[in-house]
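Encoded as C-alpha coordinates, the structure appears first; notes follow it.
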Amino acid sequence: LRRDTDVRALAHVTGGGIEGNLSRVLPEALRAEIDWDAWERPEVFRWLGRHVDEDELRSVFNLGIGYCAVVPDSAGRQVIGRVS
(Lines give C-alpha, C1' and ligand atoms only; values in the text may rest on other atoms or scores of the structure.)
Protein backbone atom coordinates (compact mmCIF):
# COMPACT_ATOMS: atom_id res chain seq x y z
CA LEU A 1 0.00 0.00 0.00
CA ARG A 2 2.77 2.45 0.90
CA ARG A 3 4.39 1.79 -2.46
CA ASP A 4 1.16 2.59 -4.35
CA THR A 5 -0.28 5.51 -2.41
CA ASP A 6 0.57 8.36 -0.05
CA VAL A 7 -0.19 6.75 3.31
CA ARG A 8 -0.69 9.49 5.90
CA ALA A 9 -1.26 7.22 8.94
CA LEU A 10 -1.77 3.59 9.90
CA ALA A 11 -3.71 2.33 12.91
CA HIS A 12 -3.81 -1.20 14.26
CA VAL A 13 -7.33 -1.40 15.65
CA THR A 14 -7.31 -3.07 19.05
CA GLY A 15 -9.34 -2.44 22.19
CA GLY A 16 -10.67 1.10 22.18
CA GLY A 17 -12.29 0.71 18.79
CA ILE A 18 -11.75 2.25 15.40
CA GLU A 19 -12.32 5.85 16.49
CA GLY A 20 -10.11 5.54 19.56
CA ASN A 21 -7.22 4.04 17.64
CA LEU A 22 -7.47 6.42 14.69
CA SER A 23 -7.48 9.40 17.05
CA ARG A 24 -4.00 8.35 18.20
CA VAL A 25 -2.51 8.72 14.72
CA LEU A 26 -4.30 11.92 13.64
CA PRO A 27 -3.29 15.48 14.50
CA GLU A 28 -5.39 16.98 17.32
CA ALA A 29 -7.30 19.26 14.93
CA LEU A 30 -8.57 16.30 12.87
CA ARG A 31 -10.99 13.50 13.60
CA ALA A 32 -12.22 10.39 11.87
CA GLU A 33 -15.85 10.22 10.77
CA ILE A 34 -16.69 6.54 10.41
CA ASP A 35 -19.48 5.29 8.15
CA TRP A 36 -20.56 2.26 10.18
CA ASP A 37 -22.52 0.85 7.21
CA ALA A 38 -19.61 1.07 4.73
CA TRP A 39 -18.63 -2.59 5.03
CA GLU A 40 -20.41 -5.88 5.43
CA ARG A 41 -20.12 -7.07 8.99
CA PRO A 42 -18.93 -10.63 9.46
CA GLU A 43 -21.81 -12.95 10.38
CA VAL A 44 -20.59 -13.41 13.96
CA PHE A 45 -21.57 -9.79 14.70
CA ARG A 46 -25.23 -10.51 13.93
CA TRP A 47 -25.19 -13.15 16.65
CA LEU A 48 -23.06 -11.06 19.03
CA GLY A 49 -25.35 -8.07 18.49
CA ARG A 50 -28.15 -10.02 20.16
CA HIS A 51 -26.05 -10.16 23.33
CA VAL A 52 -24.23 -6.81 23.52
CA ASP A 53 -25.14 -3.28 22.44
CA GLU A 54 -23.89 -1.46 19.35
CA ASP A 55 -21.43 0.72 21.28
CA GLU A 56 -19.71 -2.39 22.62
CA LEU A 57 -19.61 -3.98 19.16
CA ARG A 58 -17.83 -0.86 17.91
CA SER A 59 -15.47 -0.14 20.81
CA VAL A 60 -14.53 -3.66 21.92
CA PHE A 61 -14.98 -5.87 18.87
CA ASN A 62 -14.28 -3.32 16.08
CA LEU A 63 -16.92 -4.94 13.86
CA GLY A 64 -14.31 -6.97 12.04
CA ILE A 65 -11.91 -4.12 11.20
CA GLY A 66 -8.35 -4.85 12.28
CA TYR A 67 -6.28 -2.18 10.57
CA CYS A 68 -6.97 1.24 9.06
CA ALA A 69 -4.96 3.30 6.63
CA VAL A 70 -5.47 7.04 6.26
CA VAL A 71 -4.85 7.93 2.62
CA PRO A 72 -5.81 10.76 0.24
CA ASP A 73 -8.91 10.25 -1.87
CA SER A 74 -8.68 6.49 -2.28
CA ALA A 75 -10.28 5.54 -5.59
CA GLY A 76 -10.62 1.79 -5.85
CA ARG A 77 -10.10 1.09 -2.13
CA GLN A 78 -12.51 0.24 0.68
CA VAL A 79 -13.52 3.51 2.33
CA ILE A 80 -15.00 3.31 5.82
CA GLY A 81 -14.88 6.99 6.68
CA ARG A 82 -13.38 10.39 6.21
CA VAL A 83 -10.97 12.59 8.13
CA SER A 84 -12.07 16.14 8.81
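Values below: all heavy atoms of this structure, side chains included; hydrogens, waters and symmetry mates excluded. If you read the sequence from its start, that first residue is 1, and numbering goes on from there.
Panel note: side chain Gln78, backbone Ala38; a donor-acceptor pair is recorded below 3.5 Å. The closest donor-acceptor contact from the side chain of Asn62 to the backbone of Gly64 lies at 3.5 Å or more, if one exists at all. Judged by distance alone, the side chain of Thr5 and the main-chain N or O of Leu1 form no donor-acceptor pair under 3.5 Å.
For Asp6, the side chain to side chain donor-acceptor pair (under 3.5 Å) partners two or more places apart in sequence, or in a different chain, are Arg8. By the side chain to side chain donor-acceptor pair (under 3.5 Å) test, Arg41 is found to be paired with Glu54, residues two or more places apart in sequence or in another chain being considered.
Heavy atoms from other residues, nucleotides or ligands lying under 6.0 Å from CZ of Arg46 number more than 12.
Atoms CG and CZ, on Asp55 and Arg58 in that order, are 7.0 Å from each other to the nearest 0.5 Å. Between the CG atom of Leu48 and the CG atom of Leu57 there is a distance of 5.0 Å, given to the nearest 0.5 Å. Distance check: Glu56 CD to His51 NE2 gives 12.0 Å after rounding to the nearest 0.5 Å.
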Applying side-chain contact (heavy atoms from CB on, under 4.5 Å) to Trp39 and Ile65, what does each step give before you reach the verdict?
CA-CA 9 Å; Trp39 68 96; Ile65 301 295; 3.6 Å; yes

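Between Leu26 and Val70, the closest side-chain pair of non-hydrogen atoms falls below 4.5 Å. Under the 4.5 Å side-chain criterion, counting only non-hydrogen atoms from C-beta, Trp36 is in contact with Leu63. Looking at Ser84 and Leu30, their side chains never come closer than 4.5 Å, going by heavy atoms from C-beta outward. Contact of the Cys68 side chain with the Leu10 side chain is not registered, since no non-hydrogen atoms from C-beta on lie closer than 4.5 Å.
By the rule that hydrophobic residues join a cluster once side-chain heavy atoms approach within less than 4.5 Å of another member, Val25 and Val83 end up as members of one cluster.
Ile34 approaches Ile18 most closely through the heavy-atom pair CD1-CG2, 3.7 Å. When all heavy atoms of Ala32 and Leu22 are compared, the closest pair comes out as CB-CD1, 3.7 Å.
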